[in-house]
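Just so it is clear, the values below take in all heavy atoms, side chains as well, and ignore hydrogens, waters and symmetry mates. Please read all numbers here as calculations on a predicted model, not as lab measurements. Numbered from 1 within each chain, the chains take letters A, B, ... in sequence-line order.
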2 protein chains.
Amino acid sequence: MTSSGDDVHPQRAQRAHHEQRDRAERLREFNRYYTQRVGILSDRYLGQNRPLSEARVLFEIGQGVDLRDLRVRLGLDSGFLSRLIRSLERQGLVAVGPSPDDGRVRVATLTDDGRRELDDLNERATGLANRLLSGLPAAQQEQLVSATDRARHLLRLSAIEVGAVDPSSEAARRCLSAFADELRQRFPEGFDDADLVSARELSGDAGALLVATEDGEARGCVAVRVIEPDVGEIRHMWVHPGARGIGLGRRLLHEIEVHAAGMDLRVLRLATHGVLDEAIALYRSAGYAAIDQYGPTPHAQHWFEKHLGRRPETRNASASPDLHERSVGLAPQ
Amino acid sequence: MTSSGDDVHPQRAQRAHHEQRDRAERLREFNRYYTQRVGILSDRYLGQNRPLSEARVLFEIGQGVDLRDLRVRLGLDSGFLSRLIRSLERQGLVAVGPSPDDGRVRVATLTDDGRRELDDLNERATGLANRLLSGLPAAQQEQLVSATDRARHLLRLSAIEVGAVDPSSEAARRCLSAFADELRQRFPEGFDDADLVSARELSGDAGALLVATEDGEARGCVAVRVIEPDVGEIRHMWVHPGARGIGLGRRLLHEIEVHAAGMDLRVLRLATHGVLDEAIALYRSAGYAAIDQYGPTPHAQHWFEKHLGRRPETRNASASPDLHERSVGLAPQ
DNA sequence: GACATTATCTGACTATAGTCAGATAAATTC
DNA sequence: GAATTTATCTGACTATAGTCAGATAATGTC
């Protein structure tokens, strides 16, 4: 599915394996330090006199929740949750009543006291975070939260699976129609579903469709279609609005390049609409060069091309950092 | 001690407060996501059939530890630890014996079985980290661990306290002598303690000495000395070898600038030796401009100067990101 | 309308994590 | 060398977190 060590040269494969092992150790080192020092933020320190599980439930209730949802979300045993809720009820922090939709389901809401308690909890958590930050000058505070933002985004990205799907499948069609819906809104001239590539053109040797899914939900797609011998065209690059800014576009582009290389394509072209600035910036930074119009490309004002090397991604760690950064696009998006 | 919101203009103070609040929320958001998704790395998933506390003890024993140290390091009740060790002993994973130095103290070591078990534990933890990373292409894996490295360094930096100390105190002298020891090794011509600024020149209106401490241990220092009306000289900038690469030099420079501004100094000068490249790079990126020699400065080949604005740090978030980055040094060190 | 399913609750358990008050023996202080 | 301190151990507790097997009532399926 993902191709981080797909390599024919044993030496390179060896090095890639080594690099990944080191990265795992770096991640573990972070985890050790973080849980030791910041575990405070989540741990019982927040609950003060309250068990952690009760505090967690209080956090999750918010505007009122089905106990059923709560159980699933927190992964709790139904008996355990029942008792937790009962205890919070006795403390006057939550009220439970039947759901209007389903008489079996019970809904928990915060009482005024409960809301106050939750505000307190939040206050304390933010206070702890602030105390942690206040040790640093503003510029370094900003660097710290930028780093944690970035890490959070990439952790989320790592939970998204990207893989080839049958373009005529229900999932594929749903994803493409969400893509079409968005283009309809963004293109001044509108967009017609007929401009989508047919399922036949994305199957077998003719092309491929990759779909990105997070917890089973489609979060983006990208397609490639053979337009000449050795030449493929990237189509339908789309990232769900709720998954933007985490590097999914860049990853999809990488994955489709790997897939295209696997189809023995040597050149990739693509056409894009002038209103899609963020896409244009992505293509440029991923090594695509502007070219003249190369064929019938509806809704397009910009055309790009990239020659795939033997390996679509240069992982040349021994080269200068600058070169590396440019070639694989380490620059922030 | 630290100056992140030291501001005379109420409006600016307001905004600074707002910014810090937002940063706290970003940190909390990271914490929520991280503990939920990666808590796996540290949590009971590692211990498999073993309670978390036993697994933690197993991790910490390593080459053999005093139970006394272990108790302090893990913050455990002595009775509790005693029972944990007893349980691991019964499982044949650790052996305990008396300490050769102190008959009261007991030392725990891993048996062969214990070592195997620890290897297993480590294997599993690295495997989990790898599984997490393997969802990403190599370039984005690298971005992720770079972000966590950076976050770890800055979290550590936030635990370091920087403050003015009496330059004739024991702590100050120890720190300065560590500084002098290092210069003796790095300067081809050697270094004489007589070249250190006297305590008198760093006291009262004449100057100041800031020391950075982590868990009570000195990790660096920096001094300022008034050399002309309105003009101060930065001296004795030093970061402990074990605390390099986390941004402490930059922070010390910032703190001394704030301190100098508080002494109504308007210009800061400094002189540095040619072999200290990393220091020279720091001064440049913090807005210091090279100048001609300005006075008797032993062991120096480079001279720098910076004019302090009313506020030594521009926190001008509304300016272009590029400008901001340049002025406060967001560039990686 | 019989039957299966689902959401919650209750009672009875267990495991883990810890706390606290002495007891004991070695080391340190005076 | 007596008194104090320190490191560990033991026994007796408590709190938290969780599991599991039914019981009950509302819903969905046929």
Report the end-to-end axis angle of the helix from C/dG1-D/dC30 to C/dC30-D/dG1; each axis comes from five terminal pairs, and the value is rounded to 10°.
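Axis-to-axis angle, ends of the helix: 20°.
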Heavy-atom nearest nucleotide on DNA chain D for A/F80 versus A/D101: which residue maps closer to 5'?
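The residue whose closest nucleotide sits nearer the 5' end is A/F80.
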How do A/G79 and B/V105 order along DNA chain D: which one's closest nucleotide is nearer the 5' end?
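Whichever sits nearer the 5' end wins; that is B/V105.
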Would you say the side-chain atoms of [X] pair up with the backbone N or O of [Y], donor to acceptor, closer than 3.5 Å?
{"X": "A/R219", "Y": "A/I160", "result": "no"}
{"X": "B/T213", "Y": "B/G216", "result": "no"}
{"X": "A/T126", "Y": "A/E123", "result": "no"}
{"X": "A/S82", "Y": "A/S78", "result": "no"}
{"X": "A/D166", "Y": "A/S168", "result": "yes"}
{"X": "B/Q143", "Y": "A/L154", "result": "no"}

[atom1] of [X] versus [atom2] of [N]: gap in Å, rounded?
{"X": "A/R104", "N": "D/dA26", "atom1": "CZ", "atom2": "P", "result": "11 Å"}
{"X": "B/D102", "N": "D/dT8", "atom1": "CG", "atom2": "P", "result": "8 Å"}
{"X": "B/L81", "N": "D/dC9", "atom1": "CG", "atom2": "C1'", "result": "11 Å"}
{"X": "A/R56", "N": "D/dA17", "atom1": "CZ", "atom2": "P", "result": "7 Å"}
{"X": "A/I85", "N": "C/dA7", "atom1": "CD1", "atom2": "P", "result": "16 Å"}
{"X": "A/E54", "N": "D/dA17", "atom1": "CD", "atom2": "P", "result": "8 Å"}
{"X": "B/L88", "N": "C/dT16", "atom1": "CG", "atom2": "C1'", "result": "14 Å"}

Distances for protein N/O vs nucleotides 12-15 of chain C N/O pairs under 3.5 angstrom?
| from | atom 1 | to | atom 2 | distance (Å) |
| --- | --- | --- | --- | --- |
| C/dA12 | N6 | A/R83 | NH2 | 3.3 |

Give me the atom names and distance for the closest heavy-atom approach of [X] to [Y].
{"X": "B/P137", "Y": "A/R251", "answer": "CD-CD, 3.7 Å"}
{"X": "B/C221", "Y": "B/L209", "answer": "CB-CD1, 4.3 Å"}
{"X": "A/G64", "Y": "A/T109", "answer": "CA-CG2, 3.8 Å"}
{"X": "B/A108", "Y": "B/L67", "answer": "CB-CD2, 3.9 Å"}

Close residues, residues 64-78 of chain B, relative to DNA chain D [heavy-atom separation under 4.0 Å]:
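Listed by number, they are B/L67, B/R68, B/R71, B/S78.
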C/dC9, OP1 or OP2 - any side-chain N/O from A/R106 closer than 4.0 Å?
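For A/R106, the contact criterion (side-chain N or O under 4.0 Å from OP1 or OP2 of C/dC9) is met.
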Passing option when B/R116 is tested against B/D112, B/D119, B/D113 for salt bridge (charged side-chain N to carboxylate O under 4.0 Å, His left out):
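Going through the options one by one, the only one that passes is B/D113.
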